[in-house]
Amino acid sequence: FRFFRWAWRLTYLSVLGSIGYVIYDGYSSRHPDDQFHPDSNKKTLVVLGTGWGSVALLKKLDTENYNVVVVSPRNYFLFTPLLPSCTTGNIEHRSIMEPVRQILRSKKASAMYYEAECTHIDAERKVIKISDNSDIKGDVHVTEVPYDLLVVGVGAENATFGIPGVRENSCFLKEIKDAQAIRTKIMDCVETAGFKDQKPEEVSRLMHMVVVGGGPTGVEFAGELRDFFDEDIKKLVPEIADSFKVTLVEALPNVLPMFSKQLIDYTESTFKEEHIEIMTKTMVKNVTDKYIEAEITRPDGKKELTRIPYGLLVWATGNALRPLVKDLMSQIPAQKDSRRGLAVNEYLVVQGARDIWAVGDCAVAGYAPTAQVASQEGAFLARLFNNMAKTEALESKIQELSSTLNVQPGNSAEIAKEIESTERQLRRVKDIKPFHYSHQGSLAYIGSEKAVADVAWLNGNLASGGKLTYLFWRSAYLSMCFSPRNRVLVALDWVKAKVYGRDVSRE
Ligand code: FAD
Ligand code: NAI
């Protein structure tokens with residue numbers, strides 16, 4: 001009897017295994033030819049960047065319609081909403097990266113990827129100049145790529161407003177390497193503060209972590225940092241516990257200006273409980289290797305200069321234009337009044353340019369520079385390009401049918417019917433509505449397992465903050481991760497950090 005039970009179990013497992021293998025095999029063979037063969041009958045669509053906008057476009061684009069060429073110095077997509085968690089090791093950075101090669105592999109037709117930076121767009125000649133800026137360079141590391149259609153999705157760089165000393169002395173938080181640098185520096189400050197015979201005032205300076213910019217990046221990082229200290233560092237390095245301090249410096253009267261008043265108040269009171277000091281109406285003017293110099297506006301309107309010593313400085317004051325975008329704007333007279341990026345029309349066409357579209361943080365379409373906006377714009381462009389290809393195919397079909405009509409007058413009724421139905425299809429395909437952004441809400445983690453959310457709800461807005469919102473924040477971002485692999489890795493990282501604590505080794 002036992003033998004039959006085991007035999008049955010084995011059969012059951014092998015059937016499951018076979019089904020799994022068939023699914024896996026089907027999945028793994030669902031990729032285009034390894035070779036990219038440009039088809040001279042198709043237009044070349046060049047996509048710059050592998051961020052939220054460009055990847056949303058690539059995900060939905062029917063690559064069979066174009067010779068698709070992707071150019072980006074980053075050969076992966078980065079899930080930025082969880083980047084602040086990488087600064088403390090709550091999430092390992094590779095868990096939120098998805099290789100672009102993997103993304104392109106699942107497309108129906110092959111697309112080419114070049115790991116390079118686009119350094120110049122020649123809008124007249126319709127070519128881009130690309131440069132391999134990685135450490136290892138071949139004999140050819142600068143070349144040109146011609147395009148018929150170009151999508152600019154290069155994002156933005158960190159704004160410093162030309163404030164002296166910022167670039168030299170601060171950490172930023174935009175890319176993986178930034179998060180790694182912060183993680184290393186936090187532990188460097190801690191270990192240096194614990195150095196034998198370190199003077200108390202130097203320990204206080206080293207343990208003072210200053211974040212400039214009270215937008216969501218600064219707030220989320222400050223929250224993650226406080227958690228790291230309370231849950232791990234304090235236990236492992238108790239001798240520096242009393243000196244640890246986080247200060248958030250913001251030029252405006254409050255933090256998180258894009259959230260409702262109720263959630264701003266909630267965040268500020270939570271920060272107070274977490275011992276994160278918020279200095280509002282404080283504008284940083286100068287940065288040295290050990291101090292920031294800031295101008296505080298007092299309630300009576302008087303301005304006062306202050307010097308704040310720091311060990312770690314994280315600069316999160318928003319976005320600035322990339323040189324490539326500035327360069328393109330300078331070539332187009334219609335862009336001369338645009339300050340924040342490439343002005344685009346309601347179809348995301350760069351105003352004043354021919355066959356150039358822009359998405360995400362580098363485009364000015366009247367929305368905030370967020371991942372939500374960028375990915376909706378990318379998906380819209382994919383629909384637009386798919387429709388453009390269908391339109392061309394239908395138009396040439398109509399042309400072909402019309403010429404057959406002259407040659408075969410006997411079949412005229414049938415052909416005329418087909419022309420009519422193709423024209424109907426064409427009208428439907430051509431009727432693509434302008435881009436419309438649908439705001440799903442804003443979410444931010446504020447530390448101590450609390451989050452704030454302003455979510456669109458039944459034609460209105462639902463504001464909530466606290467532990468339940470934190471669970472919502474976690475499940476929302478987990479479900480939004482790019483791939484099942486990312487989802488599994490992020491979930492495992494959370495469990496690992498909870499069970500074993502964050503890894504405090506300095507790389
Ligand atoms: P990016 O995603 O920045 O991608 C730009 C791409 O262009 C990159 O691949 C880059 O390597 C490439 N590139 C750069 N220069 C060149 C060049 N010269 N040639 C070719 N390629 C180039 N938004 C939200 O909605 N919700 C959030 O929770 C959220 N959290 C965030 C957390 C952090 C820490 C940060 C920094 C941002 C967050 N954002 C969030 C904002 C969001 O990440 C951006 O709005 C979004 O990344 C913009 O997408 P993008 O495609 O325009 O640019
Ligand atoms: P931000 O532009 O939202 O905020 C920057 C803050 O820095 C501003 O409040 C500004 O007043 C302040 N500032 C500027 N110069 C200063 C100075 N010299 N001294 C002191 N304060 C100064 O920038 P952030 O947070 O980097 O966000 C960029 C974009 O990414 C935004 O659109 C944001 O909505 C989005 N984002 C969204 C997140 C979310 O939804 N959870 C998380 C992170 C970013």
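Counting starts at 1 for both ligands and their atoms, in listed order. Quick caveat, the model's predicted, so the values are computed rather than measured.
- Taking only nitrogen or oxygen atoms, main chain and side chain alike, K174 does not reach within less than 3.5 Å of ligand 1.
- Checked against a 3.5 angstrom limit, the closest N/O atoms of T50 and ligand 1 fall inside it.
- Across the listed options G153, A444, P73, S72, G153 owns the non-hydrogen atom lying nearest to atom 6 (C) of ligand 1.
- The 4.0 Å heavy-atom shell around ligand 2 contains residues F161, I163, V212, G213, G214, G215, P216, T217, E220, V249, E250, A251, L252, M258, T282, M283, V284, A316, T317, G318, P369, T370, L443, ordered by chain and number.
- For F221, the heavy-atom gap to ligand 1 stays at 4.0 angstrom or more.
- Between P369 and ligand 1, at least one pair of N/O atoms sits closer than 3.5 Å.
- For residues 368-387, the side chain to side chain donor-acceptor pair (under 3.5 Å) pairs, not counting sequence neighbours, are Q372-Y437.
- Taking distance alone, with nitrogen or oxygen atoms compared against 3.5 Å, G53 approaches ligand 1 more closely than that limit.
- Evaluation of the side chain to side chain donor-acceptor pair (under 3.5 Å) test over residues 326-345, restricted to residues two or more places apart or in two chains, returns H120-D327.
- In terms of N/O distances under 3.5 Å, ligand 1 is approached by C118.
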What side-chain donor-acceptor pairs closer than 3.5 Å can you find for residues 172-180, not counting sequence neighbours?
from : atom 1 : to   : atom 2 : distance (Å)
K174 : NZ     : N319 : OD1    : 3.2
E175 : OE1    : R74  : NH1    : 3.0
E175 : OE2    : R74  : NH1    : 3.4
D178 : OD2    : K174 : N      : 2.9
D178 : OD2    : E175 : N      : 2.9
Q180 : NE2    : H93  : NE2    : 3.3

What do the steps show when you test T184 against E507 for side-chain hydrogen bond (donor to acceptor under 3.5 Å, both in side chains), and what is the final call? CA-CA 6 Å; T184 304; E507 281 166 277; 5.3 Å; no
